[in-house]
Amino acid sequence: MPETLSAWERVLLARNPARPHTQDYVADLISGFVELHGDRRFGDDPALLGGIGTFRGRAVVVVGHRKGSNTQENLTHNFGMPRPEGYRKALRLMQHAEKFGMPLIAFVDTPGAEPGIGSEERGQAVAIAENLLALASLRVPTVAVVIGEGGSGGALAISVADRILMLENAIYAVASPEACAAILWKDATKAPEAAATMRVTAADLYGFGIVDEVIPEPVPAHEQPTQTIQRVGDAIERHLSELEAMVQDGDAGLDALLAARYQKYRRIGRWVEETDPTRHPNGPVPSHTAD
Amino acid sequence: MPETLSAWERVLLARNPARPHTQDYVADLISGFVELHGDRRFGDDPALLGGIGTFRGRAVVVVGHRKGSNTQENLTHNFGMPRPEGYRKALRLMQHAEKFGMPLIAFVDTPGAEPGIGSEERGQAVAIAENLLALASLRVPTVAVVIGEGGSGGALAISVADRILMLENAIYAVASPEACAAILWKDATKAPEAAATMRVTAADLYGFGIVDEVIPEPVPAHEQPTQTIQRVGDAIERHLSELEAMVQDGDAGLDALLAARYQKYRRIGRWVEETDPTRHPNGPVPSHTAD
Amino acid sequence: MRELFRRQPRFTVEPQGEDSPVVPDDLWVKCPRCRELTYSREFERELRVCPRCNHHFRLTAAQRIAMLTDPGSFVEWDAGLEAADPLGFAAGGESYPDKVATAKRKSGAREALITGSARLDGRPFALAVAEFGFMGASMGSVFGEKLVRAIERAIEQELPLVTVSSSGGARMQESPFSLMQMAKTTAALARLGEARLPHIAVLVDPCYGGVTASYTTVADVIIAEPGAMIGFAGPRVIEQITRQKLPEGFQTAEFLLEHGMIDLIAPRRTLRAKIATLLDHYALARRQPARRTAGAAASAQEAPDA
Amino acid sequence: MRELFRRQPRFTVEPQGEDSPVVPDDLWVKCPRCRELTYSREFERELRVCPRCNHHFRLTAAQRIAMLTDPGSFVEWDAGLEAADPLGFAAGGESYPDKVATAKRKSGAREALITGSARLDGRPFALAVAEFGFMGASMGSVFGEKLVRAIERAIEQELPLVTVSSSGGARMQESPFSLMQMAKTTAALARLGEARLPHIAVLVDPCYGGVTASYTTVADVIIAEPGAMIGFAGPRVIEQITRQKLPEGFQTAEFLLEHGMIDLIAPRRTLRAKIATLLDHYALARRQPARRTAGAAASAQEAPDA
Ligand SMILES: [Zn+2]
Ligand SMILES: [Zn+2]
């Protein structure tokens, strides 16, 4: 894949409807998959797929955003934009993973959490926040893979994990380039510029230390879906094996896993710090990250 | 209070709208009460009151069914019949109690969980069941007081506790006498007979070992509300003090508390058991309880 | 597996009650929903599901056990428990013991729940099956005690638990004892959960009241049969009280799935295989490194009374 | 307490932005909602709440701190943190550092969150207050880092945490870093919870986006000011996308209370007393016997990195 693809070209690839989606990864990588439905409170969200199955010799829980491959499917699955009940189904399955010691695999592919009247009424914000809280201390190895669009809090709500992997042409950002352009340039057609400015690509995110591995796409995923899926499977397996080795000794290992997960997020951020503001109120100061 | 009151007369006393309700107990017994609202998922149920405050020197969480004292209030509070969001608010507050080590005090006064289309759609059954599960292992002392009507699963969902107390004229039953009469006699006007047959009074429940203490009403509660409330407060304090003594040493004490709570419910039931069915297939066998 | 359904003589009891298939000459079964006739051998081969309209006929506990276990593998637990009469209950000239005697005669069962250990294509598990033909599988003391003993044995023997539930509601004749079985059974499941053993609940038509509002709906996986009616309050009660027309399909398994209350709907002919797959996943997980080795849950297990 | 509001010179900054009261001659304040004029001394005495229509004017972080702390008790933490420019962001001819410089000048604050320890009628606590006047209190790296440090100090010093939040959304200029602050701050709160220290969140107008969908809504108690607009997606976005008319009162504090999302609404003049009462309850609970002394939560606290 040429290095020269622009951020915007990658945005378009990430959104290509022919790109393999969560259900394709599940079909190829998870054996004996049993889809589990519902949040036990309000509904079953077709934009969020979840269930249990076997991944290369281990029982796992899988959650993922569910996009369609055509308009009809996308209408059924709300374009992969979960409502609160989707996040609550995911939460239930995360707790299931923890209870039974099943690693959690999350496939991230969403434009974002649904903005809507019903979603606000039923607490979209708190549904996302509760997942962030649960994922921070889930006592089981967790791996998230951004396979397409990683859109804002709606992506983050299932992707706080020990390892975050990204396909080369996937994107991850705090807002869509269109929304960013509309806010900053007052012009949504400036989305390509916004995409570049926001640094949304896998290479960017890896460079920032937010993503742990970029999974190459020698050709775009939708042109070689089977090989892409296997390559993603190999990467998940490698990371899961490392994490499983950490927790061999049970609780002490899990404590260490959680401590490492905390430090991973603890470190993220860039700022400038005056070490002693009384002495150098306006002096130049070095740029910092916590690590 | 004359021993000669019939079960039905007690049913009528338990339902007397002038009888002190949860909010009256909270007003008189809990200082600095802060009502906490909402289930964080769907709504705030006015049929279930909850919050935190201080009860005689200790911080506690209080939950209780909220009935009105007149028709207007009863319409507002749905006659004390919670919807799923009410039970989910209670669950949230139970978890709050456990997190902060605050004993849980529950006031029970409901005809039952609301039977309705919306309640079924939002999972009345699972909402109740989740509370039963949570209360079984809540790591904090719990005391429930049946102050009026203890109606079915809707009452049980907040009253699984280390100690269950009942006012002398309160009732507790698996169904209302009217419903029982309609099912068994095909005649709801036979409710008085059903009340007697179902053994719904505090004395009955105490005799069965289900209730731990009957709090006397020398005169019916609604004629001496202040004194009744103080008498209930005294009983709660006595039981809480005993339970607090059990958990003085922290986790080991809490384990013992939970073990005792389990045994308390484990024992409830009456059956006949053939010790060896192959030898005595039809022979007479003694009646058993587990204790 | 389909053949099993006829092979275990101890557990081949004809279905009873309002849903019994009408069998004109012992050779044809008439479906109460689509009115089509099915040859009785085909009907049995289809596990008593109408091949025309997919109507799932009710089964007896014995038929359920035959359907979900390897032949000869089911070992019943606590068969000797029978109802007492703690309230001295009588209504309409009939005492509770009379009612129980009638239920025993009609259903061929001794109580409304049958429990035991069994194997499913070799996989060991604990099984509890409600018998709707016995007083509408109302949850009295015996139901609760048998279920709790089964859960405690499952914990002791590290077995996964499968329950098949159906219930018309409470056992009025044991009023407060019946109510408390909701708490008792759910408390036992809390311990099963602490032991990290799975509970797979199968809800079959009809499933109402205390059973729905207690042990069944806190299961790790909830499976329903197609078309099964499942709810807290019965539809007639709701209609009477709310004076509203109930929505189309209200309280069906399909309605519950849409409202997020169950994990999946399994047509009867897929149920056994679905449970087998789930048991495999949980068995595999039990050997995985991420299994907590200790902690608060485990320490509660070791409490003085355990 | 009302007097405090004017007493701390360091934290008396005039309100900025679109909600600024119009003060015709420095003596009268005109309410943008009811259009009534209020004498400015009365306006300050009422903590900037319109005495006619109860409209709660926006406050600066400094005014919030003055309102919720004992005079002179606030000790700021990490005042020296300022935004970096990790993306080299520029849009419309203005760089991110330019934008930050403008925000600093306009708001008088150095970033969108001010943290520190303080006392409330003698009760020690940790406090974090968002400054809406600084780039709409968008949550960038500095916001996240200051909040996490405050939470870690609260754990270390066993202090309860009070946050006062307001936000217009994400800090676009730090795109992925901004997003990750949601995870970072919430993870720190998981540890505060394991230490069983309370977090009381006060949501004030307006509170949207990542701040609402992370640390604020997992608080132990969520309090909102009357009329505050609170939500995940902004109302204009929802209206544009759904092409539906928004319901009356949509996303107001009152709407959230009705929908079960917040614990209570506290008019500004009651807020301080309400927080004091809550802090007393949690402080009392901390000394009670039922407090777990050990367990999974506590052991996680003692992990190698802690
Ligand atoms: Zn048919
Ligand atoms: Zn005004």
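This structure is a prediction, so every number in the text was calculated from the model and none was measured. A, B, ... follow the sequence lines: proteins, then strands. Residue 1 opens every chain.
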- [ ] Just give me the residue among I223(D), L257(D), I262(D) that pairs up with chain B most often, heavy atom to heavy atom, under 4.5 Å.
- [x]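 Counting heavy-atom pairs under 4.5 Å, the top option is I262(D).
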With chain D, which of [options] has the greatest number of heavy-atom pairs at distances under 4.5 Å?
options                         : answer
K89(B), R92(B), E35(B)          : R92(B)
L243(B), V140(B), L36(B)        : L36(B)
G50(B), G253(B), P46(B), G53(B) : G53(B)

Name the region of [X], side chain, backbone, both or neither, that has any atom closer than 4.5 Å to a heavy atom of chain D.
X       : value
Q95(B)  : neither
R88(B)  : neither
E244(B) : both
R58(B)  : both

Task: SB check D45(B) R66(B) (cutoff 4.0 Å) - done: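 Here D45(B) does not pair with R66(B) in a salt bridge, since their nearest N and O are not under 4.0 Å apart.
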Open item on the list: Does this structure show an ion pair linking E85(B) with R122(B), if we count only N-O contacts that are shorter than 4.0 Å?
Closed with: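 Looking at R122(B) together with E85(B), the answer is yes, because their closest N to O distance falls below 4.0 Å.
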Open item on the list: Side chains of Y208(D) and Q251(D): any donor to acceptor distance under 3.5 Å?
Closed with: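 Looking only at side-chain atoms, Y208(D) and Q251(D) do form a donor-acceptor pair, the distance falling under 3.5 Å.
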Task: Reported CD1-to-CG distance for the pair I158(B) and L93(B), which is rounded to 0.5 angstrom - done: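 That separation rounds to 11.0 Å.
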Open item on the list: Please identify which of these residues, R64(D), R58(D), R48(D), meets the salt bridge (charged side-chain N to carboxylate O under 4.0 Å, His left out) condition with E225(D).
Closed with: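 Going through R64(D), R58(D), R48(D) one by one, the salt bridge (charged side-chain N to carboxylate O under 4.0 Å, His left out) with E225(D) is satisfied by R64(D) alone.
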Open item on the list: Minimum heavy-atom separation for L197(D) and A154(D), please, with both atom names.
Closed with: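 Heavy atoms only, the tightest pair is CD1-O, 3.6 Å.
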